[in-house]
Amino acid sequence: MILFLLTFFCLYGGINFYFFFRARSILHFSGLLQGIILLFIILLILAPVIVRTLETMGYEHLARLVACIGYIWMALVFLFFFWSVSLELIRIVHKLIVPETGTLTLKTVTFGLSAFLAAALVIYGYIDAQHIRVKNLQITTDHVLPGDGRLRLVQISDVHVGIIIRNRRLSPLLELIRESRPDILISTGDLLDGELNNIMDDAKRFAAIKAPYGKFAILGNHEYYAGLRESMEFTREAGFELLRDDVTSAAGITIFGEDDVTGHRSGLTKKTEAFQKALAEKHDGFVLLLKHQPYIDKRANFDLQISGHTHAGQLFPFSIVTRLFFPKHYGRYELAPGKLLYVSRGAGTWGPPVRVFAPPEITVIDLIGKKQ
């Protein structure tokens, strides 16, 4: 975690200073104004730390304000960096082809265009992040299912309840879940973000949603970052049965819930041989595997694995990066005959409350099998 934070702040700081020096070369600010702008950028770089400090001290409203400003700036400067580097490369190539072109004019154009595109995408992404889609899947199986042979699973993933996503911002998600009328409601991790102060009222709002055959959840990496004990308490208060390398059954299907790899790597949890052995065995009936990160264990026997974690990149062009780490980073994949994987884009946001070309979703999975 420390290595991740050091790497993040080095990269993020570098991008911010790139913006500063790029802006200074075009706008020619100096003296006191330059010092003020530089100080403001340093504060924006440190915004995640400032937010956590303010929340710890009890200044919740100020923490939320700083979080909104700091994280929206994060999206803006990342997108500016992407467009600026891309357009500068084009400018350099153009300069090689047409040497007599005015360098200063083109630099000004690429700076202005980069700033405009970044701002436009952040505005679009901020609005789009609040419009959650419903992704409908139909999966046919030869297994027997209760009642008329139909069972509806509703998957939520990567909600990231915390300093930004809470209270009114949660309402559209909760309403969509109710409207979907789940037989089984499932959370595939990162239900919580990194800040857990004063959010138990939101747990009660999740608890008010009922599912006839139960509600089940697994941990994601952010539950470990936020604090394992508090995260588990919130999840259970929200009405979910927490599966940590556990297996249970509901509505005639077997449900395996695998703990996130973050817990295994940190030593907070250990993979149990009994769980791995049970998952590798052949089972009667439909087998559902809940796994936060979309890693595939070829030894595992399941009909459907549902995962999240990737956010489908959340901010283009990060979708390119997530594909490098998770080739199966969003959507439905047939791993083998009768063996499927579905990776959700998630319903919330991490960091910037912005999604660019990776809209949020809940997943409604209708299993169609044989009647009892």
Undergrad: For the backbone of Asn221 and the side chain of Asp190, can you confirm whether one donor and one acceptor N or O come within less than 3.5 Å of each other?
TA: yes
Undergrad: Go through the steps for Arg22 and Thr110 under the test side-chain hydrogen bond (donor to acceptor under 3.5 Å, both in side chains), then give the verdict.
TA: CA-CA 10 Å; Arg22 187 83 211 281; Thr110 58; 2.9 Å; yes
Undergrad: Provide the closest heavy-atom pair for Tyr330 versus Ala312 in the form atom of the first, atom of the second, distance.
TA: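 Scanning both residues completely, I find the closest heavy atoms to be CB-CB, 3.9 Å.
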Undergrad: Give the intermediate values and the outcome of side-chain contact (heavy atoms from CB on, under 4.5 Å) for residues Asp303 and His143.
TA: CA-CA 10 Å; Asp303 296 281; His143 297 297; 3.5 Å; yes
Undergrad: Output the distance between atom CG (Leu106) and atom CD (Glu88), rounded to the nearest 0.5 Å.
TA: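 Atom-to-atom, Leu106:CG and Glu88:CD are 9.0 Å apart.
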Undergrad: Would you tell me whether His160 and His311 have side-chain atoms, one donor and one acceptor, within less than 3.5 Å of each other?
TA: yes
Undergrad: Are Phe17 and Tyr12 an aromatic pair by the rule of ring centers under 6.0 Å?
TA: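 Ring-ring flag for Phe17/Tyr12: false, centres at least 6.0 Å apart.
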Undergrad: With a 4.0 Å cut-off on N to O distance, would you call Arg133 and Glu361 a salt bridge?
TA: no
Undergrad: Does Gln155 use its side chain to pair, donor to acceptor, with the backbone of Ser307 at less than 3.5 Å?
TA: yes
Undergrad: Less than 4.5 Å apart, any side-chain heavy atom of Arg24 and any of Gln34?
TA: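 They are in side-chain contact.
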Undergrad: Tell me, with the steps shown, if Asp246 and Phe256 meet side-chain contact (heavy atoms from CB on, under 4.5 Å).
TA: CA-CA 6 Å; Asp246 289 326; Phe256 284 87; over 6 Å; no
Undergrad: With a 4.0 Å cut-off on N to O distance, would you call Asp183 and Arg152 a salt bridge?
TA: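 Looking at Arg152 together with Asp183, the answer is no, because their closest N to O distance does not fall below 4.0 Å.
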Undergrad: May I ask whether Leu242 and Phe275 are part of the same hydrophobic cluster, defined by side-chain heavy atoms of I, L, V, M, F, W, Y residues being less than 4.5 angstrom apart, directly or through others?
TA: no
Undergrad: Taking C-beta and beyond as the side chain, do Asp297 and Gln276 meet within less than 4.5 Å on heavy atoms?
TA: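 Side-chain contact under 4.5 Å: yes.
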Undergrad: Which one of Leu289, Leu243, Ile218 satisfies the side-chain contact (heavy atoms from CB on, under 4.5 Å) criterion with Glu258?
TA: Leu289
Undergrad: Any idea how Phe82 and Phe316 line up, ring-wise: parallel (<30°), tilted (30 to 60°), or perpendicular (>60°)?
TA: perpendicular
Undergrad: Determine whether Ile365 and Val144 fall in the same hydrophobic cluster, where Ile, Leu, Val, Met, Phe, Trp and Tyr are linked whenever their side-chain heavy atoms lie under 4.5 Å apart.
TA: no
Undergrad: Hydrophobic clusters here meaning ILVMFWY residues chained together by side-chain heavy-atom distances under 4.5 Å, can you tell me if Val159 and Leu192 are in one?
TA: yes
Undergrad: Evaluate the ring planes of Tyr18 and Phe80, with Trp represented by its six-membered ring, and classify them as parallel (under 30°), tilted (30 to 60°) or perpendicular (over 60°).
TA: tilted
Undergrad: Salt-bridge test for Glu281 and Arg299: reply yes if a basic N is under 4.0 Å from a carboxylate O, no otherwise.
TA: no
Undergrad: Would you give the length of the straight line joining atom CZ of Phe81 to atom OG of Ser86, rounded to the nearest 0.5 angstrom?
TA: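 Reported value, rounded in 0.5 Å steps: 9.0 Å.
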Undergrad: Take Ile255 and Val287, measure what side-chain contact (heavy atoms from CB on, under 4.5 Å) needs, and give me the verdict at the end.
TA: CA-CA 6 Å; Ile255 304 174; Val287 176; over 6 Å; no
Undergrad: Side chain of His131, backbone of Pro359: donor and acceptor closer than 3.5 Å?
TA: no
Undergrad: Do Leu46 and Met57 share a hydrophobic cluster, counting only Ile, Leu, Val, Met, Phe, Trp and Tyr and linking them when any side-chain heavy atoms are less than 4.5 Å apart?
TA: yes
Undergrad: Should Thr248 and Glu241 count as side-chain neighbours, where that means a heavy-atom distance under 4.5 Å?
TA: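 Sidechains of Glu241 and Thr248: in contact.
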Undergrad: Going by heavy atoms in the side chains, are Leu341 and Val343 under 4.5 Å from each other?
TA: yes
Undergrad: Would you mind reporting whether Ile69 and Leu44 have side-chain heavy atoms less than 4.5 Å apart?
TA: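 Yes, their side chains come closer than 4.5 Å.
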Undergrad: If the plane angle is over 60° it's perpendicular, under 30° parallel, otherwise tilted; pick one for Tyr225 and His222.
TA: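 Perpendicular, since the angle between the ring planes exceeds 60°.
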Undergrad: Taking the side chain as C-beta and beyond, is there a heavy-atom pair between Thr254 and Phe286 under 4.5 Å?
TA: no
Undergrad: Tell me if a side-chain donor or acceptor on Arg178 pairs with a main-chain N or O of Leu173 at a distance below 3.5 Å.
TA: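 Looks like no, no N/O pair under 3.5 Å.
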Undergrad: Looking at every heavy atom in both Leu335 and Phe302, which two are closest together, and how far apart are they?
TA: CD1-CZ, 3.8 Å
Undergrad: With a cut-off of under 6.0 Å to the ring centre and 45° to the axis, is Arg236 in cation-pi contact with Phe216?
TA: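 No, cation not above the ring by the 6.0 Å, 45° rule.
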Undergrad: Give the ring-plane orientation class for Phe240 versus Phe206, where under 30° counts as parallel, over 60° as perpendicular and anything between as tilted.
TA: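 Geometry flag for Phe206 against Phe240: tilted rings.
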Undergrad: If you take all heavy atoms of Ala47 and Gly70, which pair is closest and at what distance?
TA: CB-CA, 3.8 Å
Undergrad: Any idea how Phe357 and Tyr124 line up, ring-wise: parallel (<30°), tilted (30 to 60°), or perpendicular (>60°)?
TA: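 Tilted, since the angle between the ring planes falls between 30° and 60°.
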Undergrad: Between Lys215 (side chain) and Ile209 (backbone), is there a donor-acceptor pair under 3.5 Å?
TA: yes
Undergrad: Counting only heavy atoms not in Phe116, do more than 12 sit closer than 6.0 Å to its CZ atom?
TA: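 For Phe116, atom CZ is not crowded (no more than 12 foreign heavy atoms under 6.0 Å).
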Undergrad: Enter the distance from Trp350:CH2 to Asp193:CG here, rounded to the nearest 0.5 Å.
TA: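 These two atoms lie 8.5 Å from each other.
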Undergrad: For Met74 and Pro48, work out which heavy atoms get closest and say how close.
TA: CE-CG, 4.2 Å
Undergrad: With a 3.5 Å distance limit and no angle check, can you tell me whether Lys291 reaches the backbone of Tyr295 through a side-chain donor-acceptor pair?
TA: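 Judged by distance alone, yes, a pair lies under 3.5 Å.
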Undergrad: Can you tell me if Asn136 has over 12 outside heavy atoms packed within less than 6.0 Å of its CG?
TA: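 Enclosed.
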Undergrad: Taking atom CG of Leu87 and atom CG of Leu113, what is their separation to the nearest 0.5 Å?
TA: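 It is 5.0 Å, given to the nearest 0.5 Å.
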Undergrad: Let me check something: do Leu32 and Leu38 share a hydrophobic cluster, defined by ILVMFWY side-chain heavy atoms less than 4.5 Å apart, either directly or through other members?
TA: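 No, separate clusters.
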Undergrad: Which atoms form the tightest heavy-atom contact between Ile132 and Ile362, and what is the distance?
TA: CG2-N, 3.9 Å
Undergrad: Does atom CG of Asp148 have more than 12 heavy-atom neighbours from other groups under 6.0 Å away?
TA: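 Yes, because the 6.0 Å sphere around CG of Asp148 holds more than 12 heavy atoms from other groups.
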Undergrad: For Ile368, is there any backbone N or O sitting under 3.5 Å from a side-chain donor or acceptor partner on Gln138?
TA: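 Looks like no, no N/O pair under 3.5 Å.
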Undergrad: What I want to find out is whether Arg244 reaches Asp259 closely enough, with some N-O distance under 4.0 Å, to be called a salt bridge.
TA: yes
Undergrad: Mind checking whether Trp73 and Phe40 have ring centres under 6.0 Å apart?
TA: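 Judged by ring-centre distance (under 6.0 Å), Trp73 and Phe40 do not meet the cut-off.
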Undergrad: Should we say atom CD of Glu273 is surrounded by more than 12 heavy atoms from elsewhere, each under 6.0 Å from it?
TA: no
Undergrad: Side-chain contact, heavy-atom cut-off 4.5 Å: Ile139 with Leu340?
TA: yes
Undergrad: Testing the basics here: between Gly308 and Ser157, what is the closest heavy-atom pair and its distance to 0.1 Å?
TA: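 Nearest heavy atoms, Gly308 then Ser157: CA-OG, 3.5 Å.
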Undergrad: Please confirm whether the ring centroid of Phe326 lies under 6.0 Å from the ring centroid of His309.
TA: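 When the ring centroids of Phe326 and His309 are compared, they turn out to be within the sub-6.0 Å range.
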Undergrad: Gln293 side chain to Asp260 main-chain N or O, any donor-acceptor pair under 3.5 Å?
TA: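 Side chain of Gln293 to backbone of Asp260: no pair is present.
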Undergrad: Evaluate Arg205 against Ser171 for side-chain hydrogen bond (donor to acceptor under 3.5 Å, both in side chains), listing each step before the verdict.
TA: CA-CA 9 Å; Arg205 298 173 72 196; Ser171 296; 2.7 Å; yes
Undergrad: Is a side-chain donor or acceptor of Ser344 paired with a backbone partner of Gly346 at a separation under 3.5 angstrom?
TA: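 Indeed, once roles are kept as given, a pair shorter than 3.5 Å links the two residues.
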Undergrad: side-chain hydrogen bond (donor to acceptor under 3.5 Å, both in side chains) for Thr322 and His329? Distances and angles first, verdict last.
TA: CA-CA 7 Å; Thr322 56; His329 88 136; 3.1 Å; yes
Undergrad: Taking Gln130 for its side chain and Tyr126 for its backbone only, find out whether a donor-acceptor pair lies under 3.5 Å.
TA: yes
Undergrad: Side chains of Thr363 and Val134: closer than 4.5 Å at any heavy-atom pair?
TA: no
